[in-house]
Amino acid sequence: MDVRFPTDPRAARQAQEQLRSRVCLSPLPGWPELVAGLDCAFREKGRQIVGAAVVMDRRTRRTVAEKTLWLETPFPYVPGLLSFREGPVLYELVQALRPQPELLMFDGQGIAHPARLGIAAHLGVLLDIPSVGVAKSRLYGVAEEPGTAAGSWTSLHGREGELGVLLRTRERVRAVYVSPGHRCSIDDARRLVLDWSLGWRLPHPLHLADRLSRRDRTASAGVSGKMSQQIP
DNA sequence: GCGACAG
DNA sequence: ATCTTGTCGC
Ligand SMILES: [Mg+2]
């Protein structure tokens, strides 16, 4: 399939308007057995980007696949257009993943976005895989501060309605912004993230993808386009 | 016009 | 995101 990511802000915003109608918030088809965490890191003053994917099994809680991919950074960081910067490398990465995950977790917003198309919603639609966005800070929408207990949450909403939740994944950590990406409801997104929150502020697959991307940034003498994979 | 502003 | 050591608090 010929998926194109615009290289300029103008075209990017037009693409968002074109894609937003394809986002679906139906409940998850089933509780996902294989969940992937996706994140990125940079080097060379941001000129190169590395995407990292960690696939985990819900039953064993073990990592079943890891993969990284380097590319030339295609887009600058512009609030609201993050998916055009980190999306291209993560899109390629997910397509090359084996086994294919049943759900994708992104380090960023899902529909809690001015165009309802944060990176989780955008990539979820392009790949047609259920997805969830988990952001460490707010981009769009408002929410009250949740209680201090792990699992406490409050509703995140915009003028158009409910967008997600502000969730306290653990005690004594700052709450995270959870919103569905594609083919997932707000309730399922919250339950999914909490179910994978054990030990860290971010759900395990995302925590590991974050570590993997930064590790590769230093360790790899990676040439752009190089892909690596290990199966622990 | 003035702030806000995922990573 | 990245630049970067020690330091404050438990
Ligand atoms: Mg990140």
Side-chain angles (χ1 to χ4, degrees), chain A residues 5 7 9 12-13 15-16 19-20 23 37-54 68-91 93-94 104-126 131-143 148 156-159 163-167 169-182 186 189 193 199-203 205-220 222 224:
Chain A
F5 284 91
T7 300
R13 293 198 172 82
Q16 292 182 321
L19 287 167
R20 59 179 300 170
V23 176
L38 294 314
D39 194 18
C40 296
F42 303 80
R43 71 179 177 195
E44 295 294 306
K45 296 181 177 178
R47 285 190 288 270
Q48 300 184 322
I49 181 172
V50 61
V54 174
T68 58
L69 173 64
W70 283 99
L71 288 183
E72 294 298 314
T73 305
F75 204 93
Y77 172 68
V78 179
L81 301 180
L82 177 68
S83 62
F84 295 91
R85 179 176 172 78
E86 303 191 348
V89 69
L90 295 181
Y91 178 81
L93 199 53
V94 173
L104 310 174
M105 296 186 60
F106 291 85
D107 181 26
Q109 315 291 346
I111 63 170
H113 176 283
R116 296 179 70 85
L117 204 74
I119 189 167
H122 190 169
L123 274 282
V125 164
L126 294 184
S131 61
V132 173
V134 183
K136 299 181 292 298
S137 62
R138 186 194 73 86
L139 170 67
Y140 183 76
V142 296
T148 60
L156 173 65
H157 52 87
R159 302 186 62 175
L163 300 170
V165 299
L166 217 202
L167 174 67
T169 55
R170 299 185 58 197
E171 279 187 356
R172 292 176 291 273
V173 298
R174 197 149 63 85
V176 297
Y177 292 80
V178 177
S179 58
H182 183 52
I186 292 176
V193 171
W200 292 276
R201 179 192 180 207
L202 294 178
L206 266 186
H207 177 77
L208 293 180
D210 175 73
R211 289 176 68 257
L212 177 59
S213 67
R214 304 198 210 202
R215 184 198 319 160
D216 217 60
R217 172 160 62 87
T218 302
S220 172
S224 183

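Throughout, protein chains are lettered first and strands after them, A, B, ... in sequence-line order, and every chain is numbered starting at 1. This is a predicted model, so every value here is computed, not measured.
- Put simply, A:R138 has a side-chain N or O that comes within less than 4.0 Å of OP1 or OP2 on B:dC5.
- Taking atom CG of residue A:L38 and atom P of nucleotide B:dA6, one finds them 20 Å apart after rounding to whole Å.
- The NE2 atom of A:H182 lies 12.5 Å from the CD1 atom of A:I111; values are rounded to the nearest 0.5 Å.
- Distance check, rounded to the nearest 0.5 Å: CZ of A:R85 to CG of A:L90 gives 12.0 Å.
- A:L206 and A:F106 make their closest contact through CD1-O, 3.7 Å (heavy atoms, listed as atom of the first residue, atom of the second, distance).
- Rounded to whole angstrom, the span from the CZ atom of A:R85 across to the C1' atom of B:dC5 amounts to 15 Å.
- Minimum atom distance to the side chain of A:S137 is reached by B:dA6, of the listed B:dA6, C:dC3, C:dA1.
- Rounding to whole angstrom units, CD of residue A:Q109 and P of B:dC5 are separated by 11 Å.
- Within the 4.0 Å cut-off from OP1 or OP2 of C:dA1, at least one side-chain nitrogen or oxygen of A:K136 is found.
- Per the geometry, CG belonging to A:L123 stands 15 Å off P belonging to B:dG7, to the nearest Å.
- For the pair A:R43 and A:W70, the cation-pi test (distance below 6.0 Å, angle within 45°) is passed.
- Note: A:F5 and A:H122 have tilted aromatic rings, judged against thresholds of 30 and 60 degrees for the angle between ring planes.
- To the nearest 0.5 angstrom, A:C40 atom SG is 6.5 Å from A:I119 atom CD1.
- Looking at heavy-atom distances under 4.0 Å, A:G46 makes no contact with the nucleic acid at all.
- Out of B:dG7, C:dC3, B:dA6, the shortest distance to the side chain of A:R217 is found at C:dC3.
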Bracket string, DNA chain B, 5' to 3' - pairs by Watson-Crick or G-U geometry under 3.5 Å, | interstrand: .......
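- Taken to the nearest 0.5 Å, the OG1 atom of A:T73 stands 7.5 Å off from the CD atom of A:Q48.
- The CD atom of A:Q16 sits 12 Å away from the C1' atom of B:dA6 (whole-angstrom rounding).
- A:I111 places its CD1 atom 15 Å from the C1' atom of B:dA6, with the value rounded to the nearest Å.
- Within 4.0 Å of A:L81, counting heavy atoms only, lies at least one base atom of the nucleic acid.
- Between the C1' atom of C:dC3 and the CZ atom of A:R47 lies a distance of 15 Å, rounded to the nearest Å.
- As judged by a 4.0 angstrom heavy-atom cut-off over every strand, A:A112 is placed among residues making no nucleic acid contact.
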Salt bridge (charged side-chain N to carboxylate O under 4.0 Å, His left out) evaluation trace for A:K136 with A:D107: CA-CA 8 Å; A:K136 299 181 292 298; A:D107 181 26; 2.8 Å; yes
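- With distances taken from any side-chain atom of A:E86 to the nucleotides B:dG7, B:dA6, C:dC3, the minimum falls on B:dG7.
- In this structure, A:Y77 counts as stacked on the base of B:dG7 under the 5.5 Å centre distance and 30° plane angle limits.
- Between A:L206 atom CG and B:dA6 atom P there is a gap of 17 Å when expressed in whole angstrom units.
- Looking at heavy-atom distances under 4.0 Å, A:R214 makes contact with sugar-phosphate atoms alone, never a base.
- Among the protein residues, A:G80 comes within range of the nucleic acid bases, having at least one heavy atom under 4.0 Å from a base atom.
- Using a 4.0 Å heavy-atom distance criterion, A:I119 is classed as a base contact.
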